[in-house]
Structure formats: C-alpha cells, structure tokens
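Here it is: the structure, laid out below.
Residue numbers start from 1 in every chain, and the chains themselves are labelled A, B, ... in the order their sequence lines are given, proteins ahead of strands.
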There are 2 protein chains.
Amino acid sequence: MCDKLKNLKNNEFKIALLLSQKILSAKELQNLINVDKATIYRNIKNLLKKEIIREIKNSNGVGFYELNCKIHNPIHPHFECIICNKIYCLKALNSEDVLALSNYSPFEIKEIEVKFKGICNECKK
Amino acid sequence: MCDKLKNLKNNEFKIALLLSQKILSAKELQNLINVDKATIYRNIKNLLKKEIIREIKNSNGVGFYELNCKIHNPIHPHFECIICNKIYCLKALNSEDVLALSNYSPFEIKEIEVKFKGICNECKK
DNA sequence: ATAGAATTTGCAACTTAATTGCAAATTTGA
DNA sequence: TCAAATTTGCAATTAAGTTGCAAATTCTAT
C-alpha cells in the first residue's frame with residue numbers, strides 16, 4: 001500500500017483505498033461506501049488538495065478519481081469510450097515521450113493529460 | 001475561410017465564424033451573438049455532429065469549442081490555466097509524436113487529446 | 001407570389017454533477 | 001471528561017447543458 005494512505009482517517013482512507021484498486025466516479029464511490037454525497041465530494045476535495053488522488057473528467061464532465069501514488073500509479077494516459085464514457089487507465093508514458101510533449105507548451109507545465117477516445121472492447125461486442 | 005463554413009445557415013454560420021477566430025465557451029458565444037442559450041447549445045450540437053467544430057472541456061467541465069478545419073486548425077494540444085481555467089490552443093503535434101502516443105492505447109483510437117495545465121502569463125502577472 | 005411542410009427559435013422547466021449552510025454527531029486533546 | 005475542532009447528513013443551491021412545446025422563420029413546389 002502507498003505510504004500516503006497511512007495517516008488518513010476513516011472516510012478519506014476508505015475512498016483512497018478503493019481508488020488504489022480502480023478509477024471511480026463520485027457516484028460509484030457512493031455506491032461502495034454508504035455516506036452522503038456531500039461527504040464523498042468533501043473527502044474527494046481534501047484528497048485532491050493533499051495530492052493523494054487525481055481527477056480525470058470524462059466528456060460528460062463527470063469526474064473520475066485515481067490514486068496519485070508515484071510508485072504504483074504514475075501519471076499515465078487514459079482511454080475514454082465514446083459509447084459508455086468509461087475511463088481506462090493505460091501504461092505510463094516514458095520520459096522521452098513526456099519530454100517531446102512538453103516542448104509544445106510555451107507556458108510552464110504543472111501537469112500533462114493525455115486522453116485517447118474510441119470504442120472500448122465491451123462496447124464493441 | 002474554411003470551405004465547410006460556406007453552406008451553413010445563419011446561426012450555425014455565426015458561431016462557426018466566431019470559433020474560427022478563437023476558442024470560446026457556450027456562454028462566451030451567447031454574449032457575442034444575442035440568442036437564447038438553448039439555441040446556442042443546439043447549434044453547437046449540430047456543428048459537432050457535422051464535425052465542423054471540436055469540443056474541449058476545462059477542469060470545471062465547461063465546454064470550449066474550436067473550428068475543426070484541417071488546413072487552418074489541425075488537431076493540437078491545449079493549455080489550461082489552473083487559475084482562470086482559460087484554454088489556450090498550442091501548435092499542432094507532428095506525426096511522429098502522434099504515432100508515439102498512439103502506441104500506448106490497446107484500443108483503436110478515434111481521437112487524441114493532449115492537455116497541459118499550469119499558470120498562464122496573464123495569471124502570473 | 002403563396003400556401004403548406006419542415007426547420008429553427010425562445011421560453012420555461014428540467015436534469016445532473018457538484019457545492020454550501022447549518023445543526024447534529026463524532027473525534028480530538030488538554 | 002468536558003470543551004474545542006472536525007466531520008457528517010440533510011436540504012437547498014449553483015451552473016452547464018437538455019428538452020418539450022408553441023410561435024416564428026425558412027424552404028419548396030406549384
């Protein structure tokens with residue numbers, strides 16, 4: 001388990017633990033742990049502020065969250081299915097590719113997001 | 001002007017013309033042409049369906065729209081300011097970099113989005 | 001030109017993700 | 001163990017985007 005999770009209290013810990021397994025939306029989290037949505041969103045905000053989790057929005061503007069743990073979960077591209085709008089995590093970009101990309105920005109980069117869109121295998125069936 | 005715009009009627013044309021100059025949100029478009037927001041959104045939907053414009057969402061889930069005109073406006077990365085959430089268009093990716101990126105996806109890619117985040121020059125002042 | 005069909009518009013109501021105020025409940029810590 | 005600080009649930013709110021419907025506009029065939 002990622003060290004960052006050790007000092008978290010109850011609900012933040014539960015959320016971070018679930019996200020360490022799988023990228024999830026606020027609604028999916030709410031279905032897994034039985035607390036009010038306001039609590040879910042407040043905990044998500046705290047975890048984002050502490051940089052323990054990352055947010056990825058799908059094309060409908062729905063936020064998905066994943067653990068931000070350098071060793072187990074480095075920054076990686078995502079694939080969004082244009083049918084079901086599910087988000088898939090892909091393998092991490094290597095440093096040469098990150099470097100190549102960063103040359104396109106005239107401003108200092110704090111974060112890079114790469115998202116592919118298409119139809120996932122589930123929806124192709 | 002991009003050929004695609006020639007056959008558009010009044011409001012779709014106005015919107016496409018504005019977007020050929022600058023990436024804009026629905027609200028910004030509404031401030032520029034005086035029509036109901038439902039009309040703005042309906043026209044945006046039509047233009048998206050015809051693939052005359054493209055949508056980029058900022059981190060707040062607000063859609064920004066830009067002309068999708070191969071010659072004048074090929075697919076390119078965007079920069080989002082984490083302070084003002086403004087979207088900037090950057091220079092287009094070259095084909096080698098697109099190829100390198102596409103190797104990360106196990107699914108067939110219909111679209112690639114690259115977004116950098118940081119603080120823009122306006123907000124740094 | 002003009003009547004009828006088809007399309008587009010404005011308005012108001014609605015949907016959905018996310019946020020917020022507030023009082024109650026829980027946790028913390030001296 | 002009791003007061004202060006934090007967290008929670010509930011209900012109301014915000015904001016982007018959507019939709020139903022009737023009125024207005026545009027298109028088309030004669």
Side-chain angles (χ1 to χ4, degrees), chain A residues 5-19 23-50 52-66 78 80-87 113 115 117, chain B residues 5-19 23-50 52-66 78 80-87 113 115 117:
Chain A
L5 302 198
K6 293 267 166 69
N7 297 320
L8 298 178
K9 51 192 65 160
N10 200 13
N11 276 333
E12 284 189 17
F13 180 79
K14 280 187 198 168
I15 290 174
L17 199 61
L18 287 167
L19 297 182
I23 189 167
L24 293 166
S25 66
K27 194 180 272 178
E28 289 171 321
L29 282 166
Q30 211 194 336
N31 291 336
L32 292 169
I33 55 179
N34 196 33
V35 289
D36 191 76
K37 66 173 175 167
T39 302
I40 294 282
Y41 282 113
R42 277 187 285 235
N43 278 293
I44 283 173
K45 271 214 157 175
N46 292 341
L47 291 167
L48 284 169
K49 198 168 293 167
K50 294 179 195 168
I52 289 166
I53 63 171
R54 279 193 295 262
E55 182 183 63
I56 298 97
K57 295 235 179 190
N58 76 2
S59 301
N60 298 330
V62 178
F64 286 74
Y65 306 92
E66 63 182 4
H78 294 95
E80 176 177 351
C81 175
I82 58 174
I83 306 291
C84 66
N85 291 109
K86 209 171 136 184
I87 302 274
E113 270 181 34
K115 193 200 275 180
K117 294 189 191 176
Chain B
L5 303 199
K6 293 265 167 67
N7 297 319
L8 298 178
K9 51 193 66 161
N10 201 15
N11 276 333
E12 284 187 19
F13 180 79
K14 280 187 197 168
I15 290 174
L17 199 61
L18 287 167
L19 297 183
I23 190 167
L24 293 165
S25 66
K27 195 179 273 177
E28 289 171 321
L29 281 166
Q30 212 193 334
N31 291 336
L32 292 169
I33 54 180
N34 196 31
V35 289
D36 190 76
K37 67 171 175 166
T39 302
I40 294 280
Y41 281 113
R42 277 187 285 234
N43 278 294
I44 284 173
K45 272 213 156 177
N46 292 342
L47 290 167
L48 284 170
K49 198 168 294 169
K50 293 180 195 168
I52 289 166
I53 63 172
R54 278 193 295 263
E55 181 183 62
I56 298 96
K57 296 233 176 189
N58 77 2
S59 300
N60 297 330
V62 178
F64 285 73
Y65 305 92
E66 63 182 4
H78 294 94
E80 176 178 349
C81 175
I82 58 174
I83 306 292
C84 65
N85 291 109
K86 209 171 136 184
I87 302 275
E113 271 181 34
K115 192 200 276 177
K117 294 188 190 177

Problem set entry | Donor-acceptor pair between A:His78 and A:Glu113 side chains, under 3.5 angstrom |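 The answer is no; no qualifying pair exists.
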
Exercise. Under 4.0 angstrom, heavy atoms only, what part of the nucleic acid is B:Lys9 near: base, sugar-phosphate, or nothing?
Worked result: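 Sugar-phosphate, no base atom in range.
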
Exercise. Pick one: which of B:Leu8, B:Asn43, B:Leu47 meets side-chain contact (heavy atoms from CB on, under 4.5 Å) with B:Phe13?
Worked result: B:Leu8

For this session: Check whether the side chain of B:Arg42 and the base of C:dG10 form a donor-acceptor pair under 3.5 Å.
Result: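 A donor-acceptor contact between them is present.
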
For this session: In whole angstrom, give the distance that lies between atom CG of B:Leu24 and atom C1' of D:dA16.
Result: 16 Å

Exercise. CD1 of B:Ile44 versus P of C:dT8: gap in Å, rounded?
Worked result: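 Taking atom P of C:dT8 as the reference, CD1 of B:Ile44 is at 16 Å.
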
Exercise. Heavy atoms under 4.0 Å, any strand shown: does B:Asn43 hit a base, just sugar-phosphate, or nothing?
Worked result: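 Counting heavy atoms under 4.0 Å across all strands, the contact made by B:Asn43 is with sugar-phosphate only.
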
Exercise. In whole angstroms, how far is the C1' atom of C:dA18 from the CG atom of A:Leu48?
Worked result: 13 Å

Exercise. What's the closest nucleotide to the B:Asp36 side chain, out of D:dA16, C:dT20, C:dG10?
Worked result: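 The answer is C:dG10, which lies nearest to the side chain.
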
Exercise. Can you find a side chain N or O atom of A:Lys37 that sits less than 4.0 Å from OP1 or OP2 on C:dA18?
Worked result: no

For this session: State whether B:Thr39 places a side-chain N or O below 4.0 Å from either non-bridging phosphate oxygen (OP1 or OP2) of C:dG10.
Result: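 Yes, B:Thr39 has a side-chain N/O under 4.0 Å of OP1/OP2 on C:dG10.
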
For this session: Report the nucleotide, chosen from D:dG17, C:dA18, C:dT9, that has the shortest atom-to-atom distance to any side-chain atom of A:Ala26.
Result: C:dA18

Exercise. So, is B:Tyr41 near the phosphate of D:dT18, with a side-chain N or O under 4.0 Å from OP1 or OP2?
Worked result: no

Exercise. Whole Å only: how far is the CD1 atom of B:Ile40 from the P atom of D:dA15?
Worked result: 19 Å

Exercise. Does B:Lys27 put a side-chain nitrogen or oxygen below 4.0 Å from OP1 or OP2 of D:dA16?
Worked result: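 For D:dA16, OP1/OP2 do have a side-chain N/O of B:Lys27 under 4.0 Å.
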
Exercise. Please give, in whole Å, the distance from D:dT6 C1' to A:Leu8 CG?
Worked result: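 Spelled out: CG on A:Leu8 to C1' on D:dT6 is 15 Å.
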
For this session: Indicate, with a heavy-atom threshold strictly under 4.0 Å, whether A:Asn11 touches base, sugar-phosphate, or nothing.
Result: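 Answer is sugar-phosphate: A:Asn11 comes under 4.0 Å of backbone atoms only.
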
Exercise. Whole-Å distance between D:dG17 P and B:Glu28 CD?
Worked result: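 After rounding, the gap between these two atoms is 11 Å.
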
Problem set entry | Single hit among A:Lys115, A:Lys117, A:Lys57 for side-chain hydrogen bond (donor to acceptor under 3.5 Å, both in side chains) with A:Glu80 | A:Lys115

For this session: Could you tell me the separation between the NZ atom of A:Lys14 and the C1' atom of D:dT7, rounded to a whole number of Å?
Result: 13 Å

For this session: Please determine which of B:Glu28, B:Gln30, B:Lys45, B:Lys27 meets the side-chain contact (heavy atoms from CB on, under 4.5 Å) test together with B:Ile40.
Result: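 With B:Ile40 as partner, side-chain contact (heavy atoms from CB on, under 4.5 Å) holds for just one option, B:Gln30.
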
For this session: Could you tell me the separation between the CD atom of B:Gln30 and the C1' atom of D:dT18, rounded to a whole number of Å?
Result: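 Taking atom C1' of D:dT18 as the reference, CD of B:Gln30 is at 14 Å.
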
For this session: State, with a plain yes or no, whether a side-chain heavy atom of A:Asn58 is found less than 4.5 Å away from one of A:Phe64.
Result: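 Result yes, sub-4.5 Å side-chain heavy-atom pair found.
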
